[in-house]
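As structure tokens, the structure follows; a few thoughts come after it.
The figures here come from the full heavy-atom set of this structure, side chains too, leaving out hydrogens, waters and symmetry mates.
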Amino acid sequence: MAANNNGKMSREEAGQKGGEKVSRKYNKSHFEEIGKKGGETTSDKYSKDHFEEIGKKGGETTSDKYSKKHFEEIGRKGGENSSRNS
């Protein structure tokens with residue numbers, strides 16, 4: 001526990017503690033099921049245009065963040081992995 005919060009647990013620590021407890025309480029299939037439900041709800045809530053727009057923004061952000069060399073490197077690694085698995 002952090003010593004700089006008057007001996008009280010920080011929000012981050014409380015969140016981590018709660019997350020660990022929930023993780024122990026439920027199994028993998030529970031998290032897969034709630035993830036699927038969340039994905040379906042989100043898919044129902046937003047249009048195809050919304051997903052195209054956020055995908056474009058994410059792609060632009062990623063493109064701005066990394067160099068051409070980075071993409072060449074991950075492409076090479078992906079190609080190597082694909083050739084090993086075929």
Shared-cluster residues of Ile34, by chain and number - hydrophobic side chains joined below 4.5 Å: Val22, Tyr26, Phe31
Go through the structure and list residues passing ring pair (Phe, Tyr, Trp, His ring centres under 6.0 Å) with [X], not counting sequence neighbours.
X	answer
Phe71	none
Tyr66	His70
Phe51	none

Sequence neighbours excluded, which residues qualify as side chain to side chain donor-acceptor pair (under 3.5 Å) partners of Ser29? Asn27
For Glu52, side chain to side chain donor-acceptor pair (under 3.5 Å) partners two or more places apart: none
Shortest non-hydrogen pair, Lys8 vs Glu13, comes out as O-OE1, 4.3 Å
Side-chain donor-acceptor distances from residues 56-63 under 3.5 Å, at least two apart:
residue	atom	partner	partner atom	Å
Lys57	NZ	Glu53	OE2	3.4
Thr61	OG1	Lys57	O	3.0
Thr62	OG1	Gly58	O	2.9

According to salt bridge (Lys or Arg N to Asp or Glu O under 4.0 Å), who are the partners of Lys21, at least two apart in sequence or on a separate chain? none
Verify the distance criterion only: is there a donor paired with an acceptor across the side chains of Gln16 and Glu12 at less than 3.5 Å? no
For residues 72-82, please give each side-chain donor-acceptor pair under 3.5 Å, one per line with the distance, not counting sequence neighbours.
residue	atom	partner	partner atom	Å
Glu73	OE1	Arg76	NH2	3.3
Glu73	OE2	Arg76	NH2	2.5
Arg76	NH1	Glu80	OE1	3.3
Arg76	NH1	Glu80	OE2	2.5
Asn81	OD1	Arg84	NH1	3.2
Ser82	OG	Gly78	O	3.0

